[in-house]
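Every heavy atom of this structure was used, including side-chain atoms; hydrogens, water molecules and symmetry mates were not. Please read all numbers here as calculations on a predicted model, not as lab measurements.
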2 protein chains.
Amino acid sequence: MERLEPIPSLMEATADRIRSAIILGELPLGSKLSEQKLADMLGVSRSPVHNALALLQYEGLVEVLPKVGSFVFTPSVKSAFDLCDHRAVLESASLQMAMEANPNTLIDALSKGAASMALAIKNNDPAAYTAGDLAFHAAIIECGGNKSIARAYSHTVGPLMALRTHLFTTMNTHLDRSMEEHLDLIQACKEGHIDHAMTVLSAHIGHLVREYQTASQSDAEQSRG
Amino acid sequence: MERLEPIPSLMEATADRIRSAIILGELPLGSKLSEQKLADMLGVSRSPVHNALALLQYEGLVEVLPKVGSFVFTPSVKSAFDLCDHRAVLESASLQMAMEANPNTLIDALSKGAASMALAIKNNDPAAYTAGDLAFHAAIIECGGNKSIARAYSHTVGPLMALRTHLFTTMNTHLDRSMEEHLDLIQACKEGHIDHAMTVLSAHIGHLVREYQTASQSDAEQSRG
DNA sequence: GTCAAACATGTAACATGTTAGTTTTGCGGG
DNA sequence: CCCGCAAAACTAACATGTTACATGTTTGAC
């Protein structure tokens with residue numbers, strides 16, 4: 001019999017709902033999260049909300065001030081850079097590990113991700129593109145085969161997704177260039193050029209950083225204007 | 001006025017006590033942690049214990065099976081490797097960042113750590129040596145200046161400390177070689193040879209991995225014998 | 001008028017009762 | 001003797017009452 005997925009606890013379900021709300025931008029950055037109000041809103045008691053907020057604090061999406069309250073995280077430009085650099089480090093290392101251990105598995109997984117991204121561009125479906133992008137990069141980590149790195153990586157996903165959403169109005173993602181970089185990466189892997197692949201990957205994430213930077217600058221200008 | 005450090009909550013204090021007990025080997029690997037019994041033992045109610053266990057799960061020191069119980073983590077050889085590799089990745093990256101940003105600060109911090117380690121060897125004080133070692137490597141991360149990486153790094157510390165304790169009977173740490181590697185690293189930094197410094201660092205952590213491996217093999221043989 | 005101390009209010013942390021799910025055990029049938 | 005099933009004991013998850021803390025406001029002294 002197939003291993004069934006564990007039934008999510010109420011706490012986890014609560015965390016999922018709050019996380020989604022943050023990532024989707026329904027809860028603005030920095031806004032206060034009263035445990036009582038969240039409990040009433042979600043129709044549960046305070047316990048699961050309390051524990052869910054603790055979990056989200058570990059993920060970096062929520063900041064908890066003891067005895068005062070919880071708030072949606074307020075990322076600085078620096079922290080966005082840190083997240084991106086961190087991600088680049090983990091992905092580069094995983095890419096190298098994957099290429100040394102089982103390059104074909106990696107290339108297959110990357111190709112699959114790239115295919116769904118290409119389809120998304122064709123259909124002009126940004127959400128699908130983002131999903132494909134996530135899968136592409138998750139595949140690198142997955143193929144690296146290091147559980148500890150995978151865990152750390154997963155903790156960068158939520159905050160970066162939230163950033164992307166909240167800066168979306170001013171972010172103009174260059175889908176074509178992004179797509180091309182992914183294909184370059186696959187090509188480098190196929191040719192066995194690990195160093196070049198790592199360079200491409202770092203550059204790719206570097207572009208993401210620069211987009212966050214310009215987006216946050218635009219945001220700041222809009223705030224002043 | 002200097003910023004005072006925040007008073008730890010009961011939950012955090014509870015987590016600290018359980019963490020220490022695991023790292024010091026008072027709670028054996030894989031042993032069951034009943035929330036009720038821990039609460040009675042520590043003289044607190046179940047709530048802070050429950051939340052503390054959730055925190056320790058996030059740190060990787062305990063595994064929680066919903067509705068069943070919590071257990072001290074049971075590291076496999078693979079997971080020990082993963083932790084070491086992960087650490088090597090984070091430290092290498094931080095070393096590079098620190099060398100590019102403010103090499104002198106880094107060298108000062110490393111020298112300070114190395115000094116206390118040398119003193120510990122002179123006094124034949126293994127605990128002090130471990131503390132100096134921790135400070136040395138923490139300094140690399142600190143000087144890297146990336147908060148996201150620092151957070152991930154801190155999550156590798158507890159499990160690795162616990163491993164070290166539990167394998168201590170069979171681990172014969174080569175203090176002299178370890179000390180020498182640290183000094184080599186500082187020298188490479190002073191000369192500005194970033195690549196060489198990263199190589200030395202990776203090799204140093206690689207030695208740690210190999211010690212875990214031989215120690216766990218000895219353990220296995222003892223179990224059979 | 002200014003400053004500080006008492007107070008009122010709102011908050012999460014903690015304690016504990018209740019519920020629901022899991023594991024173990026013991027008994028009866030094969 | 002072994003297997004299956006049922007019941008009991010145990011466990012954590014959840015709900016909620018209580019407490020202690022943080023913070024903003026008012027008031028009284030100077």
Side-chain angles (χ1 to χ4, degrees), chain A residues 1-22 27-74, chain B residues 1-22 27-74:
Chain A
M1 175 161 167
E2 187 96 7
R3 179 184 214 83
L4 295 176
E5 200 138 311
I7 299 165
S9 66
L10 185 54
M11 182 274 268
E12 286 169 29
T14 304
D16 288 345
R17 292 176 69 179
I18 299 173
R19 186 189 300 109
S20 295
I22 293 174
L27 292 169
L29 298 182
S31 62
K32 181 160 188 186
L33 302 171
S34 161
E35 294 185 357
Q36 181 67 65
K37 283 175 187 165
L38 282 174
D40 294 345
M41 231 177 278
L42 300 175
V44 299
S45 82
R46 307 195 311 271
S47 301
V49 172
H50 180 76
N51 293 329
L53 288 175
L55 177 64
L56 294 172
Q57 178 187 28
Y58 307 148
E59 288 185 13
L61 282 172
V62 167
E63 287 167 32
V64 175
L65 302 185
K67 303 276 191 181
V68 175
S70 304
F71 303 83
V72 179
F73 79 130
T74 51
Chain B
M1 177 165 164
E2 189 97 6
R3 180 186 213 84
L4 297 174
E5 54 185 71
I7 298 164
S9 67
L10 185 55
M11 181 274 266
E12 286 168 28
T14 304
D16 288 345
R17 291 174 68 180
I18 299 173
R19 188 189 298 109
S20 294
I22 293 174
L27 292 170
L29 298 182
S31 61
K32 182 161 189 186
L33 301 172
S34 161
E35 294 185 359
Q36 181 67 65
K37 284 174 188 166
L38 282 174
D40 294 344
M41 232 177 278
L42 301 175
V44 299
S45 82
R46 308 194 310 272
S47 301
V49 172
H50 181 78
N51 292 331
L53 288 175
L55 175 64
L56 294 172
Q57 177 188 30
Y58 181 79
E59 288 185 12
L61 282 173
V62 310
E63 289 167 30
V64 176
L65 303 184
K67 300 278 190 182
V68 175
S70 303
F71 302 84
V72 179
F73 80 130
T74 52

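Inter-residue side-chain proximity for B/Leu65 and B/Phe71 is flagged as met; some heavy-atom pair is nearer than 4.5 Å.
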Begin with the C-alpha distance, continue with both residues' side-chain angles, and end with the deciding distance and a verdict on side chain to side chain contact (heavy atoms under 4.5 Å, CB included) for B/Val49 and B/Gln36. CA-CA 8 Å; B/Val49 172; B/Gln36 181 67 65; over 6 Å; no
Given A/Leu42 and A/Ile18, is the side chain to side chain contact (heavy atoms under 4.5 Å, CB included) satisfied, shown in steps? CA-CA 9 Å; A/Leu42 300 175; A/Ile18 299 173; 4.2 Å; yes
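A/Tyr58 contributes no side-chain N or O that, together with a main-chain N or O of B/Tyr58, makes up a donor-acceptor pair within less than 3.5 Å. Put simply, the side chain of B/Ser31 gets close to the backbone of B/Pro28: a donor and an acceptor are under 3.5 Å apart.
In this structure, A/Leu55 atom CG and D/dA13 atom P are separated by 13 Å, rounded to whole Å. Atom CG of A/Leu10 and atom C1' of C/dG21 are 14 Å apart (whole Å).
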Nucleotide by nucleotide, nucleotides 6-12 of chain D touches protein heavy atoms under 4.0 Å in the pattern (B base, S sugar-phosphate only, - none) -----SS
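At a cut-off of 3.5 angstrom, counting only N and O atoms as typed in the model, there is no donor on one side facing an acceptor on the other between the side-chain of B/Ser47 and the base of C/dA13.
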